[in-house]
There are 2 protein chains.
Amino acid sequence: MQSPVPHELPIYRRIADRLRQAIQAGEFHDGDRLPGENALMAEYGIARATARQALSVLINEGVAVPRRGSGVYVRQFRPIRRHGSRRLSRERWGTGRAIWDGDTAGRPYTVDELEIAREPAVDEAARVLGCAEVWVRRRRYSVDGRPVQLAASCFPAELVEGSPVTRPDTGPGGVYARLRDLGHAPAHFTEEVRARMPAPEERDRLGLSAGTPVIVVCRTAFAAGGEAVELNTMIMDAASYVLQYDFDA
Amino acid sequence: MQSPVPHELPIYRRIADRLRQAIQAGEFHDGDRLPGENALMAEYGIARATARQALSVLINEGVAVPRRGSGVYVRQFRPIRRHGSRRLSRERWGTGRAIWDGDTAGRPYTVDELEIAREPAVDEAARVLGCAEVWVRRRRYSVDGRPVQLAASCFPAELVEGSPVTRPDTGPGGVYARLRDLGHAPAHFTEEVRARMPAPEERDRLGLSAGTPVIVVCRTAFAAGGEAVELNTMIMDAASYVLQYDFDA
């Protein structure tokens with residue numbers, strides 16, 4: 001850290017910039033401990049409050065994560081690469097494989113919360129599916145033992161009533177294979193991607209640290225006739241995901 | 001707001017939950033002024049600090065935006081719908097149209113910062129494009145007069161040297177039409193989507209308010225032979241964008 005520091009910015013922000021550059025340059029790696037308050041005070045001749053402020057900038061950006069009583073660490077980022085189109089290809093669920101097996105590339109994942117209910121359709125589900133009642137499957141997914149995604153899939157109630165879609169175990173290939181069995185195989189998908197800060201309940205359920213947004217993906221599945229057969233709203237820990245989409249010109 | 005409030009949470013958070021629900025239920029619309037500190041103090045019999053804390057929750061989530069000396073308002077969200085595949089179809093740039101015209105649906109957009117340079121290739125650009133030097137086009141886009149996106153497109157220097165890709169005005173259909181003229185028309189695209197909090201410089205250049213993450217899209221354009229001809233890194237104000245992707249099962 002020998003290069004001159006630009007002087008227009010407050011000192012805590014210049015120190016934060018230095019640390020960020022050092023992380024980007026590979027001087028610190030994922031999971032490494034950053035210099036603590038005492039080290040920064042000694043190196044820059046600053047007060048403890050200023051050192052704390054510099055580290056807070058990186059924590060609020062999500063670049064670093066505090067561990068109680070231990071210090072501040074470079075955030076571990078070992079993302080799940082979620083491949084928008086390939087993962088939903090008919091060859092996958094049509095041959096009885098789970099969509100998530102492709103995402104995690106062998107890392108263990110679990111559905112550690114599952115709630116299934118028949119409910120009145122509200123908001124987007126009512127609008128997109130055009131029905132009065134839906135079956136909803138609410139799940140939380142964890143990878144490597146850490147929660148990464150909350151998902152809520154809604155299906156038109158009349159369409160799936162009495163089928164395995166309304167039961168915990170949907171069988172090989174999951175809900176899309178079962179929609180196919182019912183004569184409503186998904187033929188086309190639309191995904192809408194947004195990002196925002198989590199609501200408190202989402203932050204709690206996903207165990208998000210400060211400075212971590214969520215990626216919200218709303219996927220609609222359409223059958224060959226054009227009717228919407230599922231609306232799935234996914235809330236993802238943004239620090240755990242890279243979404244990949246491929247398409248031709 | 002007559003329904004009972006659950007009692008496990010601190011009062012400021014319960015009030016924030018109430019206000020969020022009221023916004024979601026449509027009692028307050030985009031741009032509406034929320035009840036101020038005085039109104040919350042009177043309604044709930046709380047201290048000013050508690051009222052301020054409740055409003056801070058919504059500001060930090062990006063649900064509400066403070067305006068100096070005027071109060072706290074529901075965030076205006078009039079997103080740009082960015083259609084991943086359709087916008088990059090050959091029919092668009094191949095017939096001389098600008099990609100952005102499709103995104104903004106008639107809303108005026110401008111490139112209000114443009115910097116073009118030949119530079120050594122670093123990081124992702126070196127890895128993806130596999131070359132020692134690149135031409136980089138750095139732009140800031142504004143819509144309705146507000147900055148919404150920073151983009152940096154890198155091209156292999158030898159490939160585009162002397163062509164309009166290295167000049168401010170790239171002509172009808174933009175850089176993709178010019179790559180076609182050079183015999184390297186993009187045939188396939190990969191987009192990687194991430195979300196994170198902005199670095200201070202990004203926050204300043206995009207004029208982001210508190211609680212606003214950025215969506216980062218890294219797009220690689222491949223020519224028919226499979227060689228990468230562009231890497232474009234886009235930093236988007238998450239409050240201004242919905243990304244849409246369509247694909248078949």
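Residue numbers start from 1 in every chain, and the chains themselves are labelled A, B, ... in the order their sequence lines are given, proteins ahead of strands.
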Worksheet item: Is any residue of residues 202-218 of chain A within less than 4.5 Å of chain B by heavy atoms, and which ones?
Response: Arg203(A), Asp204(A), Gly211(A), Pro213(A), Ile215(A)

Response to the item:
Tightest non-hydrogen contact, residues Pro200(B) and Glu61(A), listed as CD-OE2, 3.0 Å

Worksheet item: With sequence neighbours excluded, what pairs up with Arg127(B) under the side chain to side chain donor-acceptor pair (under 3.5 Å) test?
Response: Glu124(B)

Discussion item. Taking every non-hydrogen pair under 4.5 Å, which of Leu58(A), Val122(A), Val193(A) racks up the most with chain B?
Written reply: Val193(A)

Fill in: Which residues share a ring pair (Phe, Tyr, Trp, His ring centres under 6.0 Å) with Tyr141(B), sequence neighbours left out
Trp100(B)

Worksheet item: Between Ala185(B) and chain A, which part of the residue has a heavy atom less than 4.5 Å away: side chain, backbone, both or neither?
Response: neither

Worksheet item: Counting heavy atoms not belonging to Arg13(B), are there more than 12 under 6.0 Å from its CZ?
Response: yes

Worksheet, complete the sentence: Scored by heavy-atom pairs under 4.5 Å with chain B, the best of Gln244(A), Arg219(A), Glu201(A), Met236(A) is Gln244(A)

Worksheet item: So which part of Arg82(A) gets closer than 4.5 Å to some heavy atom of chain B, the side chain, the backbone, both or neither?
Response: neither

Fill in: CZ on Phe189(B) to CG on Asp248(A), rounded to 0.5 Å
9.0 Å

Worksheet entry | Part of Gln24(A) lying under 4.5 Å from any heavy atom of chain B | neither

Worksheet item: Between Ala221(A) and chain B, which part of the residue has a heavy atom less than 4.5 Å away: side chain, backbone, both or neither?
Response: neither

Discussion item. Please classify the contact between Asp123(B) and chain A as side chain, backbone, both or neither, with a heavy-atom cut-off of under 4.5 Å.
Written reply: neither

Discussion item. Can you list everything that forms a ring pair (Phe, Tyr, Trp, His ring centres under 6.0 Å) with Tyr12(A)? Sequence neighbours excluded, please.
Written reply: none

Worksheet item: Between Arg20(A), Met197(A), Arg81(A), Arg90(A), which shows the greatest number of heavy-atom pairs under 4.5 Å with chain B?
Response: Met197(A)

Discussion item. Measuring from atom CD of Glu192(B) to atom NE2 of His83(A), what distance do you get when rounded to the nearest 0.5 angstrom?
Written reply: 10.0 Å

Worksheet item: Is the Phe247(A) ring parallel, tilted or perpendicular to the Tyr245(B) ring (thresholds 30°, 60°)?
Response: tilted

Response to the item:
Nearest heavy-atom contact between Ala238(B) and Ala195(A) is CB-O, 3.3 Å

